Amino acid sequence: MSLILLHPDDNVLVLSAPVRAGQVLTIDGQAVTAGADVGVGHKLARRALAVGDKVLKYGAPIGSITTPVAAGGHVHLHNMKSDYIASHTRQATGAEGP
């Protein structure tokens, strides 16, 4: 299966293989249809997530949902924000560029 649960408390799954829009996935015993193409290493919602819900990965909060996400939906910068830095860019961390 292309979905990896890193910690039992996580509400996202990590992809070990690409998922295509319309592909039927099994998440926690339920059939879910992927709404979009999603690449390896990205996250899918394990269950429906509402605005303000904490995104849990490795059992720890990594951010908050900014737009509702259905079970099986892609969770990334377009619908979540970091609770720790302003954005996920190198500039936001204060690191020097090349």
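All of these numbers come straight from a predicted model, not from anything done at the bench. Just so you know, these numbers use all the heavy atoms, side chains as well, and skip hydrogens, waters and symmetry mates.
- The two residues Pro68 and Val51 come nearest to each other via the heavy atoms CD-CG2, 3.7 Å.
- Checked by atom type and distance alone, the side chain of Asp10 never pairs as donor or acceptor with a backbone atom of Leu5 at under 3.5 Å.
- Using a 30° and 60° split on the angle between ring planes, His74 and His76 fall in the parallel class, below 30°.
- To the nearest 0.5 Å, the span separating CG on Leu15 from CG on Leu3 amounts to 6.0 Å.
- Rounding to the nearest 0.5 angstrom, the gap separating the CG atom in Leu44 from the CD1 atom in Ile27 is 6.0 Å.
- Side-chain N or O atoms of Thr26 include none that pairs as donor or acceptor with a backbone N or O of Ala31 at under 3.5 Å.
- The side-chain heavy atoms of Leu6 and Val12, taken from C-beta on, include no pair separated by under 4.5 Å.
- Nearest heavy atom pair, residue Val75 against residue Met80, reads CG1-SD, 3.8 Å.
- Every residue meeting the side chain to side chain contact (heavy atoms under 4.5 Å, CB included) condition with Asp28, not counting sequence neighbours, appears here in chain and number order: Arg46.
- Cluster membership for Ile62 and Leu56, using ILVMFWY side-chain heavy atoms within less than 4.5 angstrom, is not shared.
- Taking the side chain as every heavy atom from C-beta outward, Asp37 and Val19 never approach each other to under 4.5 Å.
- Applying the side-chain hydrogen bond (donor to acceptor under 3.5 Å, both in side chains) test to pairs two or more places apart or on separate chains, those with a residue in residues 50-60 are Lys54-Ser64, Lys54-Asp83.
- A side chain to side chain contact (heavy atoms under 4.5 Å, CB included) with Val40 holds for exactly one of Pro18, Ser2, Ser16; it is Pro18.
- Residues Val69 and Ile65 come closest through the heavy atom pair CG2-CD1, 4.1 Å.
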